[in-house]
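Report on the following structure.
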Amino acid sequence: IFSIVVFGSIVNECYVNKDSQNPELLCIFNENESACSYGIAVGIIAFFGCIFFFVVDLYFQQISSVKDRKRAVLLDLGFSGFLAFLWFVAFCFLANQWQRTTLTRGFAQGADAARAVITFSFFSVIIWVVLALRALQRYRLGTDMSLFATDQFPADPSAPYPGYPVGSGTESTETYQSPPFTETLEANPKGYQVPAY
């Protein structure tokens with residue numbers, strides 16, 4: 001949402017006429033076209049990145065490959081960190097250019113939009129840092145809980161699947177329930193009679 005506010009405000013209200021004699025639209029940030037272009041570009045990249053990772057999060061549980069899950073989390077971590085950096089640069093660049101701007105009558109019309117762009121750029125830095133930290137936490141949690149571990153799978157694809165784990169030998173032989181698939185089932189167990197219809 002912050003990215004929509006940033007690039008929407010720049011596109012709609014940060015290109016203004018300096019005065020009534022000059023019909024050319026100029027970027028409100030110190031008449032620096034690069035400042036407006038950079039803000040728009042980062043906003044659009046963040047918007048489409050959010051949509052992509054929202055879809056990835058929706059389908060994350062359905063990703064069966066451990067390697068693909070690991071790649072998805074690492075991609076999220078890298079993208080979030082990279083966008084936090086881009087938003088930090090955008091905040092510093094736009095704030096610097098706004099500080100150097102001399103407000104004429106035409107530029108005063110877009111002053112609130114320029115301040116909103118700078119404010120939401122700062123909030124975006126915080127949000128993307130938090131998202132990067134959550135992705136890092138998810139990665140660490142996955143490696144601690146063997147979400148990404150491949151040691152339970154055989155190295156050779158043609159090797160048989162490992163069997164049921166064997167206990168340590170300290171279990172008693174008198175268990176409450178017999179092991180699975182070892183007893184033979186009787187046709188009519190004791191105490192049960194098949195009803196006649």
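Since this is a predicted model, take the numbers as computed values, not measurements.
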Practice item. Might you work through the side chain to side chain contact (heavy atoms under 4.5 Å, CB included) test for Asp112 and Arg115, ending with a clear yes or no? Key: CA-CA 5 Å; Asp112 290 338; Arg115 290 185 193 103; 3.2 Å; yes
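- Here the side chains of Phe120 and Ile1 are not in contact, with every heavy-atom distance at 4.5 Å or above.
- Put simply, the side chain of Lys70 reaches to within 4.5 Å of the side chain of Tyr139, judged on heavy atoms.
- Hydrophobic clustering of Ile, Leu, Val, Met, Phe, Trp and Tyr side chains at less than 4.5 Å, counting indirect connections, keeps Tyr59 apart from Ile51.
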**Study point:** Criterion side chain to side chain contact (heavy atoms under 4.5 Å, CB included) on Asn32 and Cys27, from CA distance to verdict
**Key:** CA-CA 6 Å; Asn32 187 349; Cys27 179; 5.6 Å; no
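- In terms of heavy atoms, Ala72 sits closest to Val56 at CB-CG1, 4.1 Å.
- A distance of 6.5 Å separates CG of Asp76 from CG of Asp57, quoted to the nearest 0.5 Å.
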Practice item. Show your working on side chain to side chain contact (heavy atoms under 4.5 Å, CB included) between Val6 and Val42 and close with a plain yes or no. Key: CA-CA 9 Å; Val6 170; Val42 173; over 6 Å; no
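- Val125 places none of its side-chain heavy atoms less than 4.5 Å from the side chain of Phe2.
- Two residues are said to be in side-chain contact when any heavy atoms from C-beta on lie closer than 4.5 Å; Phe52 and Leu75 meet this criterion.
- Between the side chain of Tyr38 and the backbone N or O of Leu94, no donor-acceptor pair lies under 3.5 Å.
- Around atom CD of Gln137, no more than 12 heavy atoms belonging to other residues, nucleotides or ligands sit under 6.0 Å away.
- Considering all non-hydrogen atoms of both residues, Phe93 and Ala35 come closest at CE2-CA, 3.3 Å.
- In this structure, Leu131 CG and Leu136 CG are separated by 12.5 Å, a value rounded to the nearest 0.5 Å.
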Exercise for review: Show the numbers, then the answer: is there a side chain to side chain contact (heavy atoms under 4.5 Å, CB included) between Trp98 and Ile28?
Suggested key: CA-CA 8 Å; Trp98 180 246; Ile28 197 170; 3.8 Å; yes
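- The line from OG of Ser124 to CG of Leu86 is 11.5 Å long, rounded to the nearest 0.5 Å.
- For the pair Arg69 (side chain) and Gln61 (backbone), a donor-acceptor distance under 3.5 Å is present.
- Between atom CZ of residue Phe122 and atom CZ of residue Phe88 there is a gap of 9.5 Å, rounded to the nearest 0.5 Å.
- Distance CG/Asn96 to CZ/Phe91: 10.5 Å, rounded to 0.5 Å.
- Val73 has its side chain within reach of Phe60: a pair of non-hydrogen atoms, C-beta onward, lies under 4.5 Å apart.
- Note: Ile40 CD1 to Ser3 OG = 12.5 Å, rounded to the nearest 0.5 Å.
- Between Phe53 and Phe79, the ring planes are tilted. Angles from 30° to 60° get that label.
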